[in-house]
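So the structure is just underneath, and the comments pick up after that.
Chain letters run A, B, ... following the sequence lines, proteins first, then strands; residues in each count from 1.
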Amino acid sequence: MNKNTGLSVNHLPVLTWNHIGINEAQFPETELAEVEFDACYEKSGFGKEIAEIFDNIETGMGAEAVAFTMNHCTNPIFIRVKEGEKKVIEPLKYTFADGAKVCDVTYILAEKNSEVSVFQSYISEDDTASYHAGLTKIVALEGAKVTLIQTQLLNDSSLHSNDLGIKIEDSAKVELVQAELGAKMDYVGCMALLSGYCAEFVADTIYYGDEKRKTDLNFIARHTGKKTVSNMKAKGALFGETDKVYRGTIDFINGCKKAKGDESEETLIFSDKARNRTIPLILCDEEDVVGNHAATIGRINENRMFYLMSRGLSENEVKELVVRASYESVLSRITDEEIRSKVDSYLERRMIIE
Amino acid sequence: MSELLRVENVHALADDKQILNGLNLEIKKGETHVIMGPNGAGKSTLDSVIMGNPQYKVTEGKVFFEGEDITALKADARARKGIFLSFQTPEEVPGVTLEDFLRVCRRNMTGQPLKVFAFRKELKALMDDLDMDPSYASRYLNVGFSGGEKKKSEILQMLVLQPKLAMLDETDSGLDVDAVRVVSKGIKKFKNEDNSLLIITHNARILENLDIDKVHILYNGRIIKTAGPELIEEVNTNGFANIIGKED
């Protein structure tokens, strides 16, 4: 770690030109009491073998972020869903006030043929500068289904990092649904390892950038298992002088025959001063695979704008409608009424389109 | 009858290409007008210019609606005054259901809050009239709709928004016989003595149930002939060659 620049995070799996500035990012550290994470493990009842599986899972933000969050963990959560069980975990709601600093570590183990749904939300309750570093690791064993829904509405002075590492075994499926809408620095990294036969990973992420806020996203789907399927989508809107980076990598490792990976990004840009950098990457060390990437970046298509305006909506109403429409696939998954209403009023408050 | 729309000597460009060349047209309240003409004559451009599509630049002339000069108004302002265009190729908008979209548009037009259940009931009845499966109301606007369903969705929007002037741009193109009949029924349902229609079509079938007041032949960006409904028959029998020949 470098105390001057913070944690080195969100590394692009293959380096590109340095001057573009997207090979990696820096996320600040904060002063927090150090803890021995092993002591947390002991209480978890996961046992040494399972602990080792979790320890070996790589994450999207990388080793420095993992070490920092674990060494300063304030909220360890261990979720284990036994074979064949179906569970909806009580929502994990983190509220931030009085400059709160939270490093939460959540480990989810879904045993054979189990199903679990986990919901995490991070919301500011005042205007003070808070710090959040989250680490979530998921192991989905054979035939398991895991759904993780995350919402983040931190205020403009708060820092937020959300690091994920996921391992998906035979015929298991992990679905990640994220609404990353707030924070001065909104940094997300996700690495999904599709190691089992027919393992499946789906990610649907929305983001919102305005003023001088920074959003830095790093998604990697690494296919090692045969007939594995990944589909990563990111959608967002950029206003003001915001700065956003999206790295999306599908990594086909030799031997992952008949694997299929899709990634797409839709970015609506509403300001000449907003900065957008998108790097879709498909790494291919296996011939028998299908990889697709698509990126739509820019303003609202003029034909669509005219069509919607011809129904009586003003230009700004069309913009708001189109942004909300692009968020719908994620928003519709937020079933917790309290959080959904906070998300709606957050967007209503922020989205003043001029 | 009083004047609803007046297009006065309009010249318009698209991508710096002159499409309309001094076009004049007047539609009174309650009238139904039909525009015919060969491909590339400027028919769809005329609709777009009346609706206020910014991709077309009016370089000369004016458009008046209920006596007011609307040439500089944007499309949304024109829509709120009561102008509607049924698009030849309607846009798909993922994430917005047909019902939600229509509710927002109706509320926007009237400025009045809507009662959700009453609106849903009204929508269901209109969809029944158009032989539309009610499940389309909860589907994203035009996404995955067949060509025919898209056209029905346009007519549904017209019926919900109740404009003073509805312009139908080849609403019948790509429709089978049954669908044309259904759409035609929808248009007849809309039409009353206070509102007006401007229909662009190549197909006489869609006009069968309507009382046509005037038929215009558009060629080279101008209206070169105006007559009664008998002109439709003449075009269907002889094509445009005779009429255009006289012009050339």
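Proximity to chain A is absent for every atom of B:Leu102, based on heavy atoms less than 4.5 angstrom apart. Using a 4.5 Å cut-off between heavy atoms, B:Asn53 contacts chain A through both its backbone and its side chain. With a 4.5 Å cut-off on non-hydrogen atoms, B:Pro90 touches chain A through its backbone and its side chain both. Looking at A:Leu321, both its backbone and its side chain come within 4.5 Å of chain B, counting heavy atoms on both sides. Residue B:Met109 touches chain A through its side chain alone, counting heavy-atom pairs closer than 4.5 Å.
With a 6.0 Å radius and a threshold of 12 heavy atoms from other residues, nucleotides or ligands, B:Asn192 has its CG atom above the threshold. By the neighbour-count criterion of 12 heavy atoms within 6.0 Å, atom NZ of B:Lys57 is sparsely surrounded, having that number or fewer from other residues, nucleotides or ligands. Annotation for A:Lys258: atom NZ does not count as buried by contact number, only 12 or fewer foreign heavy atoms lying within 6.0 Å.
In terms of heavy atoms, A:Phe306 sits closest to B:Ser48 at CZ-O, 4.3 Å. Counting all heavy atoms, side chain and backbone alike, A:Arg304 lies closest to B:Pro94 at NH2-CD, 3.8 Å. Listed here is the closest heavy atom pair of A:Leu313 and B:Asp76: O-CB, 3.0 Å. Looking at every heavy atom in both residues, B:Ala79 comes nearest to A:Gly312 through CB-N, 3.4 Å.
Expressed to the nearest 0.5 Å, how far NZ of B:Lys74 lies from CE of A:Met309 amounts to 5.5 Å. If you take CZ on A:Arg311 and CZ on B:Arg80, they are separated by 14.0 Å, rounding to the nearest 0.5 Å.
For the pair A:Leu308 and B:Glu91, the minimum side-chain heavy-atom distance is 4.5 Å or more. Between A:Asn303 and B:Gln55, the closest side-chain pair of non-hydrogen atoms falls below 4.5 Å.
The aromatic rings of B:Phe87 and A:Tyr307 stand perpendicular to each other, their planes meeting at an angle above 60°, with 30° marking the opposite boundary.
With hydrogens and angles ignored, the 3.5 Å screen pairs no side-chain donor or acceptor of B:Arg78 with any backbone N or O of A:Ser310.
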